[in-house]
Amino acid sequence: MWGGRFGSGPDPIMEDINASIDFDRQLYRQDIAASKAHAAMLAKKGIIAAQDAKRIAHGLDTILSEIESGKFAFKRALEDIHMNVESRLAELIGPAAGRLHTARSRNDQVATDFRLWLRDAIDEIDGALAAFQRALARKALDHAATVMPGLTHLQPAQPVTFGHHLLAYVEMAARDRGRFANARARLNECPLGSGALAGTSFPIDRAMTAKALGFARPTANSLDAVADRDFVLETLSACAITAVHLSRLAEEIVIWSSPLTGLIRLSDKFTTGSSMMPQKRNPDAAELVRAKTGRVVGALTGLFVVIKALPLAYQKDLQEDKEGAIDAIGALALSLTAMTGMVGDMEPDAARMAAAAAEGYSTATDLADWLVRTLKLPFREAHHLTGRIVAKAAEAGVALDKLSLKTMQAIEPRITKSVFDALSVANSVKSRKVYGGTAPSNVRRQAQRWLKRLGKKTGKETAKKP
Ligand code: ARG
């Protein structure tokens, strides 16, 4: 494809280090679509003959079906997807194939292909995130009033509802989707026509190819278009944040499903046994989601280092943008599907959750608030008195609501028995009706709002990436 000025062939190690076909073959659909758009435009502008464009399009369609039916012979000697396709095109249609690369370089070609590939990947991830949100919101609605221990510093802090906790992840996923949408909007410009780096002297119509491929517009600077990969960095950043979010829920599932806490149960569908210890039910899927975060963050970090200090314009270093990104997107898509499955599968042990929610004097803040509300004490003073009451309870080895009124009155004589209403876990969550708070009525409303907003399954969600 480029051997005109070369005397001998490359050293075998050159093929090993140079070839990208082992991973960029995954861009075949995008590569063929971009070539078809380019050929059609060349014909429309009279740069190649209409007859040749027709042959090219037909040949490309044949190649597409060859690849999809597994009949295509990928060759490492042909380096990458672009040259594999073009070489096969020459076999299929003869000399007309050689006209396809008019006014084009692999540099603008690969930048176009990868933008198209990432755009599809983003759409797939967005659908998977929506399905994840839907599973969370459904479970949240079922458990709008199921109380669980709310933790800070992993210590019992205040009771919350399980539904409220799950909806926290719906919010995170919504922001994740926003980041993907932003990345998608910015990457949606077409590099075709940038050539190797300087543009082209042929009278091409860049708006036409951009439009044919669903891009919002052509890129405005040819050097930037072939040299930059911030569209990959940005997408990977969104992936990394999403993966980190998933890892937090994965970790919580591991903690909650451990018999040490016993807050939830995963069914046989999402647990595995041990080959030695017959009693085990291990949350492997959650652990692997937690771990796959490493790949995703690693791909982002790796690409930052590749691009750092890279002079303009295209450098072969940029070929290293794809392997990590493709792997990271795959890992994230898989993690999302596994998490959606686990969220639907997990069932809280409501009695255990309620008992755990009451442990650790978790309604102490409610007692302090009662003192503020009923006795009009300043909060600081109420906090101090409550601390003394908690100390008494700890001394007696009982929960706050098991302390006698007398003991409390010894610390603050104006306390009446209505204080006990404030000490129940159910009343504690019920009272937190502030917008964004954990009250079951809020959680129910928010879960319903999300379910309505998320609507029915979209086509996108079920679409499979090649
Ligand atoms: N496989 C290459 C890549 O992924 C395609 C571009 C090659 N360009 C070049 N000038 N050798 O970056």
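Below, each value reflects all heavy atoms present in this structure, side chains not excepted, and no hydrogens, waters or symmetry copies. Both ligands and their constituent atoms are indexed starting at 1 by order of listing. Quick caveat: nothing in here was measured; it's all calculated off a predicted structure.
- Here is the list of ligand 1 atoms found below 4.0 Å of a heavy atom in D80: 1 (N), 2 (C), 5 (C).
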What donor-acceptor contacts under 3.5 angstrom involve side-chain atoms of residues 45-60, with partners at least two apart or in another chain?
residue, atom, partner, partner atom, Å
D52, OD1, R55, NH1, 3.0
D52, OD2, R99, NE, 3.2

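- The distance from ligand 1 to the heavy atoms of Q319 drops below 4.0 Å at these ligand atoms: 1 (N), 2 (C), 3 (C), 4 (O), 12 (O).
- R281 and S257 share no donor-acceptor pair across their side chains, judged by distance under 3.5 Å alone.
- The closest donor-acceptor contact from the side chain of N282 to the backbone of D284 lies at 3.5 Å or more, if one exists at all.
- The environment of E323 atom CD is sparse: at most 12 non-hydrogen atoms of other residues, nucleotides or ligands sit within 6.0 angstrom.
- The contact set between ligand 1 and K322, taken as ligand atoms under 4.0 Å from a residue heavy atom, comprises 3 (C), 4 (O), 12 (O).
- Counting only non-hydrogen atoms, the option in Q109, E323, R106 that gets closest to atom 11 (N) of ligand 1 is R106.
- Nearest non-hydrogen protein atom to atom 8 (N) of ligand 1 is N107 OD1, 2.9 Å.
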Return a table of donor-acceptor pairs under 3.5 angstrom between the side chains of residues 216-227 and protein atoms on other chains or two or more places apart.
residue, atom, partner, partner atom, Å
R217, NH1, E189, OE2, 2.8
T219, OG1, C190, O, 3.3
T219, OG1, R206, NH2, 2.9
N221, OD1, L223, N, 2.9
N221, OD1, D224, N, 3.0
S222, OG, L197, O, 2.7

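- The protein non-hydrogen atom at the shortest distance from atom 3 (C) of ligand 1 is Y314 OH, 3.3 Å.
- Residue S20 approaches ligand 1 through these ligand atoms, each under 4.0 Å from one of its heavy atoms: 1 (N).
- R445 and Q448 share no donor-acceptor pair across their side chains, judged by distance under 3.5 Å alone.
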